[in-house]
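I have placed the structure first, in the form of structure tokens, so that the comments after it can refer back to it.
Quick caveat, the model's predicted, so the values are computed rather than measured.
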Amino acid sequence: MTQEYTAESPVDGADDNDPPTSRVRSFGERWRGDRGIWRRGIVLAVLAVLTALLMILHAQVPNRVGNLGSLMETFLPWLGLLVPVILAAALVRRSATALIALLLPLVVWINLFGGLLLGKSGTGGDLTVATHNVNAENADVEGTARGIVESGVDVVALEELKVSAVPAYEKALGGTYRYHSVQGTVGLWSKYPMTGSRPVDIRMGWTRAMRSTVTTPRGDVAVYVAHLPSVRVKLHAGFTANQRDDSADALGEAIADEPLRRVVLLGDLNGTMNDRSLNAVTSQMRSTQGAAGDGYGFSWPAAFPMARIDQIMVRGVEPMSSWTLPRTGSDHLPIAARIEL
């Protein structure tokens with residue numbers, strides 16, 4: 001009796017039981033033998049270049065139509081998500097042209113935002129500050145106040161204070177923060193004496209900004225609290241931010257006229273440091289997150305933070321560290337920073 005032995009030939013590459021190195025070698029051989037790797041993926045390559053140009057030239061995107069430039073700048077870091085998408089498509093298409101072009105947006109993104117991935121927090125500091133948009137619809141005032149007290153900060157600003165909720169915040173925070181002032185819908189609580197508390201006109205018709213002098217053991221600090229007008233994304237109007245922009249200009253003028261050398265701005269600016277429309281403020285102050293923060297410090301929306309529209313900015317002092325605090329009953333995360341006077 002005869003017995004036949006047959007061997008199955010592998011089809012389209014290595015056997016499933018081949019080691020990973022063999023599969024990688026086979027993959028590389030297919031790319032080397034493919035004469036179309038430079039002709040395919042031209043559209044992907046163009047998309048990669050356009051992504052890089054958008055990040056480099058974001059300040060040139062016009063605001064005349066729906067404030068498109070400001071809208072893009074609010075979520076500018078998220079343009080980096082196009083890089084892995086294009087990478088996956090380039091690998092599927094086996095396009096060397098697209099892969100090489102992809103290096104451009106990757107390098108630009110790393111140059112613009114890669115540094116934020118590195119921890120820059122230092123030690124030391126004389127004053128710890130925080131700011132929190134507590135949300136007028138917040139149903140957990142006591143829990144929100146308790147979270148602030150447990151953070152151990154020296155000075156805290158609250159925005160979007162509902163009139164009926166102010167007594168509850170005053171009661172919950174009063175045991176820790178001896179000094180406070182509420183002006184309109186914003187307030188400031190401090191462990192150190194406060195003087196000269198007054199509203200700041202940001203051209204809204206009602207009070208959503210204030211200024212106070214906080215006397216610390218290291219001297220006086222001018223502390224501003226601001227809640228700039230909200231912005232909306234509308235299909236028929238785009239990114240409606242004109243009132244926000246006017247208020248930002250007014251706030252910038254007030255800070256520019258501040259006689260004290262050391263200035264701290266706490267608040268919800270409804271915009272990021274990249275947003276050109278906030279230049280009246282951002283051009284004269286430093287972001288504590290950008291200078292001494294860990295990560296991006298996104299603060300909104302609290303359920304899935306996508307942008308840092310709550311800000312701590314300083315002038316005449318040195319940021320030492322900056323971070324976000326645990327979530328409260330608000331739709332914003334509270335943020336904090338430690339500064340050296």
Side-chain angles (χ1 to χ4, degrees), residues 49-82 104-105 107-116 131 133 159 200-204 208-209 224 226-235 237-258 263-291 293 296-301 305-315 319 322 332 335:
V49 173
L50 289 177
T51 300
L53 290 176
L54 274 177
M55 288 189 283
I56 295 172
L57 304 175
H58 63 86
Q60 307 306 315
V61 178
N63 256 345
R64 290 188 298 275
V65 180
N67 285 293
L68 183 61
S70 287
L71 175 60
M72 190 189 71
E73 288 168 339
T74 298
F75 301 101
L76 192 59
W78 293 94
L79 280 179
L81 288 179
L82 289 175
L104 184 58
V107 170
V108 171
W109 188 91
I110 290 174
N111 181 62
L112 290 176
F113 306 110
L116 294 175
T131 182
N133 179 325
E159 302 87 46
V200 172
D201 182 11
I202 54 172
R203 303 171 190 162
M204 290 190 63
R208 291 208 341 184
Y224 285 77
H227 183 193
L228 296 189
S230 299
V231 295
R232 298 287 186 267
V233 180
K234 301 178 181 179
L235 291 177
F239 193 60
T240 57
N242 292 336
Q243 190 177 22
R244 191 273 318 260
D245 299 348
D246 291 342
S247 291
D249 291 343
L251 179 62
E253 291 170 8
I255 294 174
D257 292 337
E258 171 57 49
V263 184
V264 174
L265 169 62
L266 308 169
D268 174 6
L269 302 191
N270 273 306
T272 68
M273 293 296 293
N274 294 315
D275 191 336
R276 76 195 72 170
S277 296
L278 300 184
N279 279 350
V281 177
T282 58
S283 63
Q284 56 179 318
M285 305 192 81
R286 298 174 67 192
S287 162
T288 59
Q289 188 67 25
Y296 294 102
F298 292 153
S299 63
W300 177 87
M306 297 182 65
R308 185 180 175 87
I309 62 174
D310 301 275
Q311 304 291 349
I312 299 176
M313 296 188 218
V314 297
R315 187 180 75 194
S322 186
H332 291 242
I335 61 174

Would you mind reporting whether Leu269 and His227 have side-chain heavy atoms less than 4.5 Å apart? no
Check: Tyr296 and Arg308 side chains under 4.5 Å, non-hydrogen atoms: no
Examine the side chains of Glu159 and Thr131 and answer whether a donor and an acceptor come within less than 3.5 Å of each other. yes
For the pair Val264 and Leu266, evaluate side-chain contact (heavy atoms from CB on, under 4.5 Å) and give the outcome as yes or no after the intermediate values. CA-CA 7 Å; Val264 174; Leu266 308 169; 3.7 Å; yes
Just how far is it from atom CZ of Arg276 to atom CG of Asp245, taken to the nearest 0.5 Å? 10.0 Å
Between CD1 of Ile202 and CG of Leu251, what distance do you get to the nearest 0.5 Å? 6.5 Å
Quick one: does Asn274's side chain get under 4.5 Å of Phe113's, heavy atoms only? yes
What is the minimum heavy-atom distance between Glu258 and Tyr224, and which atoms define it? OE1-OH, 2.6 Å
Which distance, rounded to the nearest 0.5 Å, do you find between the CG of Asp268 and the OG of Ser299? 7.5 Å
Please evaluate residues Thr282 and Asn279 with respect to the criterion side-chain contact (heavy atoms from CB on, under 4.5 Å), reporting the C-alpha separation (whole Å), side-chain torsions for both, the decisive distance (0.1 Å), and the verdict. CA-CA 5 Å; Thr282 58; Asn279 279 350; 3.6 Å; yes
Verdict with reasoning, Met313 to Met273, per side-chain contact (heavy atoms from CB on, under 4.5 Å): CA-CA 10 Å; Met313 296 188 218; Met273 293 296 293; 3.5 Å; yes
side-chain contact (heavy atoms from CB on, under 4.5 Å) between His332 and Ile309, worked out: CA-CA 9 Å; His332 291 242; Ile309 62 174; 3.7 Å; yes
Exercise: identify the closest heavy-atom pair between Met285 and Ile255: SD-CD1, 3.8 Å
Do the side chains of Arg244 and Leu278 get nearer than 4.5 Å, heavy atoms only? yes
Heavy-atom nearest pair, Thr51 first then Leu79, reads CG2-O, 4.1 Å
Between OG on residue Ser247 and CG on residue Asp201, distance to nearest 0.5 Å: 8.5 Å
Can you see which heavy atom on Asn270 is nearest to which on Ser230, and at what distance? ND2-CA, 3.5 Å
Pairwise side-chain contact, Arg286 with Ile312, heavy-atom cut-off 4.5 Å (strictly under): no
Taking C-beta and beyond as the side chain, do Val281 and Leu265 meet within less than 4.5 Å on heavy atoms? yes
Look at the side chain of Arg203 and the backbone N and O of Ala248, then say whether any donor-acceptor pair between them is shorter than 3.5 Å. no
Check whether any side-chain heavy atom of Arg208 sits under 4.5 Å from a side-chain heavy atom of Val200, and report yes or no. no
If every non-hydrogen atom of His58 is compared with every non-hydrogen atom of Met72, which pair is closest and at what distance? CB-CE, 3.2 Å
Min side-chain heavy-atom separation Trp109-Met55 under 4.5 Å: yes
For Gly252, does its backbone N or O pair with a side-chain atom of Gln284 as donor and acceptor, under 3.5 Å? yes
Heavy-atom nearest pair, Ala307 first then Phe75, reads CB-CE2, 4.2 Å
